[in-house]
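Here the structure is laid out as structure tokens; the discussion comes afterwards.
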Amino acid sequence: MTPLDPPAQDRRTALRRRIRLLVAATITYNVVEAVVAITAGTVASSAALIGFGLDSVVEVASAAAVAWQFSATDHERRERTALRVIAISFFALAAYVTFDAVRALLGVGEAEHSAPGLILAALSLAIMPFLSYAQRRAGRELGSASAVADSRQTLLCTYLSGVLLVGLALNSLFGWSWADPIAALVIAAVAVKEGREAWRGDACCAVPLSGGAGSGAVNEGDGCADGCCSAATATRAAGRPR
């Protein structure tokens, strides 16, 4: 591997530091989110709230895997393991949430109104997009598939916050208790999709920093756009020889 010039090396060091800070912020927020969601969900018998809280636990595990990866100087060697941890966390979340949602649909417990749940969902819907964007941008520029995958985990929390907010609001406003487990099943389905992509290493558009510092440019020849890229390109990014 050709050594980077000093400006590029300085940029990589700055990006690694930024990712560690973003991961620390994500872990802190999600620990609080998990405690509030699981507690409120248990009180209200809400499968969606409990599932959302467990997703926060998965996000903590995912972020911790990335923190472990970037605690090493040669962080790229740990990337595959970090991706596996993220994927398994997604699958575990999907299995539990599906089980709990099906039980709720079969009449085992009926979700009640939860004011803390509504407030939490609204806060997460406002906060998570910023954390996700910042980490995805740094991960793409650094060329880290695991950092990009973790940013997608955080973005997933944004989508799930919206699903949760709608489900809880329908139940609170109209007494549609079935809306809660349906929202939980949506959470499970998205978790399975993200888990499969993390397992394959399809962390979209992880573009390694090369040449000048801060280039972060997408190689158009790889067919990569800002939102996503081809599975082949992403797999090369995650599984290239170290």
Side-chain angles (χ1 to χ4, degrees), residues 26-27 29-69 79-112 114 117 120-121 124 128 132 145-146 148-168 170-171 177-204 231 234 238:
T26 300
I27 289 175
Y29 181 83
N30 278 287
V31 167
V32 175
E33 186 179 69
V35 171
V36 174
I38 292 174
T39 301
T42 301
V43 171
S45 299
S46 170
L49 255 179
I50 293 174
F52 186 74
L54 290 174
D55 175 71
S56 300
V57 174
V58 170
E59 287 190 57
V60 170
S62 172
V66 176
W68 166 79
Q69 177 193 350
E79 186 155 83
R80 177 64 64 182
T81 301
L83 283 168
R84 290 290 190 259
V85 170
I86 293 170
I88 291 170
S89 299
F90 271 125
F91 294 143
L93 165 68
Y96 179 84
V97 171
T98 299
F99 172 76
D100 205 40
V102 170
R103 287 177 69 247
L105 286 172
L106 293 176
V108 182
E110 186 171 296
E112 300 173 359
S114 176
L120 179 66
S124 295
M128 286 302 176
S132 174
S146 62
V148 176
D150 187 55
S151 75
R152 292 177 65 190
Q153 164 72 274
T154 305
L155 184 61
L156 171 64
C157 184
T158 303
Y159 300 146
L160 299 187
S161 298
V163 171
L164 177 66
L165 188 60
V166 170
L168 294 177
L170 289 175
N171 187 27
S177 59
W178 52 265
D180 186 272
I182 292 297
L185 288 175
V186 172
I187 292 173
V190 176
V192 168
K193 175 181 178 295
E194 295 295 331
R196 290 178 59 193
E197 292 179 358
W199 186 268
R200 292 196 306 261
D202 294 353
C204 289

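Just so it is clear, the values below take in all heavy atoms, side chains as well, and ignore hydrogens, waters and symmetry mates. None of the values given here were measured: they were computed from a predicted structure.
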Would you sort out whether Glu197 and Phe90 count as a side chain to side chain contact (heavy atoms under 4.5 Å, CB included), showing the intermediate values?
CA-CA 10 Å; Glu197 292 179 358; Phe90 271 125; over 6 Å; no

Which pair of heavy atoms, one from [X] and one from [Y], lies closest together, and at what distance?
X: Ala64; Y: Ile27; answer: N-CD1, 4.0 Å
X: Gly53; Y: Ala37; answer: CA-CB, 3.5 Å
X: Leu49; Y: Gly41; answer: CB-CA, 3.6 Å
X: Ala121; Y: Ser161; answer: O-CB, 3.5 Å
X: Asn30; Y: Thr26; answer: ND2-O, 2.7 Å
X: Ile88; Y: Trp199; answer: CG1-CZ3, 3.9 Å

Full working for side chain to side chain contact (heavy atoms under 4.5 Å, CB included) between Trp68 and Val85:
CA-CA 11 Å; Trp68 166 79; Val85 170; over 6 Å; no

Output all residues satisfying side chain to side chain donor-acceptor pair (under 3.5 Å) with Ser56, sequence neighbours left out; order by chain, then residue number.
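Partners of Ser56 by the side chain to side chain donor-acceptor pair (under 3.5 Å) criterion, ordered by chain and then number, come out as Glu33.
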
The criterion is side chain to side chain contact (heavy atoms under 4.5 Å, CB included); which residues satisfy it with Leu170, sequence neighbours excluded?
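Residues passing side chain to side chain contact (heavy atoms under 4.5 Å, CB included) with Leu170: Val166, Phe174, Trp176, Ala179.
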
Quick one: are Leu120 and Phe52 in side-chain contact, heavy atoms under 4.5 Å?
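When only atoms from C-beta onward are counted, Phe52 and Leu120 do touch, with a gap below 4.5 Å.
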
Side chain of Thr98, backbone of Ala94: donor and acceptor closer than 3.5 Å?
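Yes, Thr98 side chain to Ala94 backbone: donor-acceptor pair under 3.5 Å.
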
Nearest 0.5 Å, please: how far is CG in Leu164 from OG in Ser46?
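Atom-to-atom, Ser46:OG and Leu164:CG are 6.5 Å apart.
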
